[in-house]
Amino acid sequence: METILAHGPYVEFAVLLMFSAAAGAVAVRLRQPVLIAYIVIGILVGPAVFGLVRAHDQINLLAEIGVTVLLFVVGLKLDLQHIRHIGPVALATGLGQLAFTIVFGFILTLALGKSPVEAIYIAVALTFSSTIIIVKLLSDKRELDSLHGRIAVGFLIVQDLAVVLAMMTMSALRGAGEAGTLEIAGSLILRLVLAALLMFLLMRYVLPRVMAAMARSQELLLIFAIAWGCGLAVIGEWAGFSKEAGAFIAGFSLASTGYREAMNARLTGIRDFMLLFFFIDLGAKLDFSTLGGEALPAVVLSLFVLIGNPLIVMAIMGFMGYRKRTGFLAGLTVAQISEFSIVFVAMGITLGHVDAHALGLTTLVGLVTIMLSTYMILFSQPLYERLMPWLGVFERKRPFRELEVDRPLRPEGQPQVLVFGMGRYGARLLRQLDGAGVTVMGVDFDPEAVRALAQSGLNVRFGDGEDPSLLEALPLQHADWVVTTFPQWESNRAFLHALRVAGFGGQVAGVVRDDQHGRSLDDAGVAMVLNPFTDAADFAARWLVSDLEEKARH
C-alpha cells in the first residue's frame with residue numbers, strides 16, 4: 001500500500017474514494033448516516049492509525065469547499081416565505097431547546113473542567129441537530145409530511161439560522177483584543193446592517209437579471225451557484241464574519257428566486273461529495289493521545305443530548321397543546337448533534353478561541369449521538385410504546401392544538417395537480433386547471449417559459465423533472481395527479497423512476513404524440529394516456545357528427 005500511495009495525491013484520492021465507498025456501504029447496511037463511515041475512514045488513514053494520507057493540503061482545500069457548499073445549500077432553502085410561515089410551535093420549540101441546551105450545557109461543561117470559552121463553544125455545538133440526517137430519516141419513513149415531521153423541520157430551520165448567527169458572533173470576537181462588549185456588539189450590528197442593505201439591493205435589482213441569464217444553461221447555473229457561494233464566502237471572511245457566514249448569505253440571497261429548487265437539486269450531490277473530504281480530514285486530524293481524557297465528558301454530554309434535548313421539546317410541545325406521541329416523535333429528532341456542530345467548533349480553532357481538545361470532544365459526542373439517535377428514530381414507534389406509560393406528564397388533558405392542526409387533509413396551498421413541461425399543451429392545461437379552481441403547479445426547465453407564466457400569476461417552478469432531488473423538493477405528498485408532457489419515452493422513463501424514488505403515491509397522466517409512446521406509458525402503469533392529435537380528432541369528429549344529426553332532424 002505504501003508503494004501504491006507513493007505515486008502522488010491522485011492515487012491517494014482514488015484509494016480514499018474506494019475505501020469511503022466500501023465503508024459507506026457498510027454504514028448504509030447498518031442503517032447509519034454515511035458521515036460516520038467517512039470519519040472512521042479518516043481516522044484509519046490518518047496519522048493516528050496507518051498514516052497513509054500525505055495530501056493534507058489538497059484534502060483540506062476540498063473540505064473547505066465542502067463546508068462552503070453545505071452552508072450555501074442551507075441558505076438556499078431558507079426563503080422568506082418559509083421563514084414567515086414557520087409557526088409559533090416551531091419557533092417556541094426551537095428557541096426553547098436552544099436556550100435550555102446552551103444554559104445547562106454550559107454549566108455541565110464547566111463542571112467537567114473545561115474553560116469558559118471552551119464551555120461556550122461546546123454548549124452551543126450541542127444545540128444543533130442535523131437537518132440533513134433528520135430529513136433523510138423522516139423521508140425514508142414517509143413521515144416528512146406528518147404533523148411531527150412538519151414541526152421538526154420547522155425548528156430545524158430555527159437551528160440553522162441560529163448556527164449562522166453564532167458563527168457571525170464568534171467571528172466578531174476575532175481580533176477584538178481589549179474591546180468592550182458594547183463595542184463588539186456595535187461593530188457586529190453595524191456590519192450586519194450593511195450586509196443586509198447590500199443583500200437587499202442585490203436581491204432586488206441585480207440577482208434576478210443575472211439569474212435569468214445564467215438559467216439558460218443548467219451547467220452555467222450550477223457553476224454560477226458555486227462561484228457565488230465561494231465568492232461571498234471570501235467577502236464574508238474579509239468583512240470580519242467568516243467564510244461559513246458568507247456562504248450562507250450567498251445561498252439566502254438566491255432563496256427567493258424561481259431557480260432555488262433547480263440549484264438545490266444540482267448541488268446536493270456535490271455537497272455530499274465535498275463533505276466526504278471534510279469528515280475524512282476531521283478523522284485524520286483527531287489526536288487520540290488527547291482523547292483518552294475526553295471519554296467521560298463525551299459520555300456525560302452524549303447522555304445530556306440524547307435525553308435532555310428530547311425532554312425539553314416534549315415539555316414545550318405538551319405545554320402548547322400537542323399529544324405526548326407527537327412531542328415524543330418530534331423530540332427524537334434533536335437527540336443528536338450535527339455536522340454543523342463540528343464545523344462550528346472547527347471554526348473556533350481557526351479563530352484561535354479553542355484547541356483540538358474541544359473539537360475531539362465534540363466529534364466523539366457527535367459519533368455517539370448520531371449513531372444512537374438514528375436507531376431511536378428508525379424504531380420510534382416501538383420505543384414510544386415502551387415509554388408511553390411514563391410520558392403522560394408531557395400531555396395536557398385536552399391537546400387542543402393538535403386537534404386543530406391535524407384536521408386538514410391537504411395543507412392550504414398544496415397542489416392537487418402538478419404539470420411537468422410548459423410547452424403549448426402543458427401551459428394551456430395549467431391555465432385551464434387554474435381557471436377551474438384547481439390548485440395546480442407547473443414545472444419546466446425553460447426559464448423564459450417559467451418567467452412568462454409566473455408573470456401571469458400562475459404557480460410555476462424552474463427545474464428538471466428527471467432529477468430525483470428536484471422532485472423531493474416539490475410538494476408531491478398531497479397531489480392527486482401528476483401530468484407529464486415530455487415528448488420522448490426515454491425522458492418519461494427517467495421521470496417515472498424519479499417519481500417512485502420521491503415516494504409519489506398519486507396517479508400519473510402522460511401526453512404522447514404517437515401510439516408506441518402511449519403503449520410504453522401503458523406498460524409502465526400510467527393511469528391515463530392523452531394524445532393531443534387523436535383526442536382533438538375524436539372531439540372534432542363527435543362535433544361534426546352531432547351537427548350533421550341535428551341538421552338531419554330539421
Side-chain angles (χ1 to χ4, degrees), residues 32-33 35-40 42-44 46-49 97-130 133 159 162-163 166-167 169-170 173 278-313 331-376:
Q32 284 292 324
L35 67 88
I36 292 177
Y38 300 156
I39 294 175
V40 171
I43 294 171
L44 293 177
V49 184
Q97 182 260 325
L98 286 169
F100 169 85
T101 307
I102 290 174
V103 171
F104 286 93
F106 177 74
I107 295 171
L108 188 59
T109 309
L110 278 180
L112 291 171
K114 303 299 178 183
S115 68
V117 174
E118 276 187 314
I120 290 174
Y121 266 93
I122 293 172
V124 172
L126 296 180
T127 63
F128 307 133
S129 305
S130 177
I133 294 173
Q159 290 185 357
V163 69
M167 287 178 173
T169 302
M170 292 306 185
L173 298 175
F278 171 78
F279 291 114
I280 288 177
D281 188 49
L282 173 67
K285 288 179 178 177
L286 288 179
D287 185 358
F288 280 82
S289 65
T290 64
L291 292 184
E294 308 295 348
L296 178 60
V299 170
V300 173
L301 294 177
S302 296
L303 290 174
F304 172 68
V305 171
L306 289 165
I307 299 172
N309 280 353
L311 285 178
I312 189 61
V313 169
L332 291 182
T333 62
V334 294
Q336 97 286 113
I337 66 173
S338 77
E339 65 280 0
F340 280 128
S341 306
I342 299 170
V343 170
F344 178 69
V345 177
M347 188 193 75
I349 294 178
T350 303
L351 298 176
H353 295 160
V354 294
D355 58 20
H357 291 76
L359 181 60
L361 174 57
T362 305
T363 305
L364 286 177
V365 173
L367 290 173
V368 172
T369 57
I370 290 172
M371 289 177 67
L372 294 180
S373 67
T374 296
Y375 290 114
M376 289 164 65

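Contact detail for Val365 and Thr369: the closest heavy-atom pair is O-OG1, 2.7 Å. Smallest separation of non-hydrogen atoms from Phe304 and Thr101: CE2-CG2, 3.8 Å. Nearest heavy atoms, Ile370 versus Pro33: CG2-CG, 3.6 Å. Summarising the geometry of Ala125 relative to Ser341, their closest heavy-atom pair is O-OG, 2.6 Å, with the distance given to 0.1 Å. Of all the heavy atoms in Pro310 and Val334, the pair that sits closest is N-CG2, 4.0 Å. Minimum interatomic distance between Val124 and Ala166 (heavy atoms only, all atoms of both residues): CG1-CB, 4.1 Å.
No donor-acceptor distance shorter than 3.5 angstrom exists from the side chain of Gln336 to the backbone of Met371, with no hydrogens or angles considered. A distance-only check finds no donor-acceptor pair linking the side chain of Thr127 to the backbone of Ala123 [under 3.5 Å]. For the pair Gln159 (side chain) and Ser129 (backbone), a donor-acceptor distance under 3.5 Å is present.
Note that OG1 of Thr362 is 11.0 Å distant from CG of Leu367, once rounded to the nearest 0.5 Å. Atom OG of Ser115 sits about 8.0 Å away from atom CG of Asp355, to the nearest 0.5 Å. Atoms CG and CD1, from Leu110 and Ile107 in turn, are 8.0 Å apart once rounded to the nearest 0.5 Å. Here Leu306 contributes atom CG and Ile337 contributes atom CD1; the two are 10.0 Å apart, rounded to the nearest 0.5 Å. To the nearest 0.5 Å, atoms CG (Leu126) and CZ (Phe104) are separated by 14.0 Å. In this structure, OG1 in Thr333 is found 10.5 Å from CE in Met376, a value given to the nearest 0.5 Å.
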### Message
Please determine whether side chain to side chain contact (heavy atoms under 4.5 Å, CB included) holds for the pair Leu112 and Leu301, giving the CA-CA distance in whole Å, both sets of side-chain angles, and the decisive distance to 0.1 Å.
### Response
CA-CA 10 Å; Leu112 291 171; Leu301 294 177; 4.0 Å; yes

### Message
Quick one, Val354 with Leu359, criterion side chain to side chain contact (heavy atoms under 4.5 Å, CB included). Give me CA distance, side-chain angles, the key distance, then yes/no.
### Response
CA-CA 8 Å; Val354 294; Leu359 181 60; over 6 Å; no

### Task
Verify side chain to side chain contact (heavy atoms under 4.5 Å, CB included) between Ile120 and Phe106, making sure each step is shown before the conclusion.
CA-CA 6 Å; Ile120 290 174; Phe106 177 74; 3.6 Å; yes

### Task
Go through the steps to decide whether Glu118 and Leu361 satisfy the test side chain to side chain contact (heavy atoms under 4.5 Å, CB included), and finish with yes or no.
CA-CA 11 Å; Glu118 276 187 314; Leu361 174 57; over 6 Å; no

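Side chains of Phe128 and Val343 form no contact here, defined as non-hydrogen atoms less than 4.5 Å apart. Under the 4.5 Å side-chain criterion, counting only non-hydrogen atoms from C-beta, Val368 is not in contact with Leu364.
For the ring-ring contact (aromatic ring centres under 6.0 Å, His included) test, no residue two or more places apart in sequence or in another chain qualifies with Phe278.
Heavy atoms of other residues, nucleotides or ligands lying less than 6.0 angstrom from CZ of Phe100 number more than 12.
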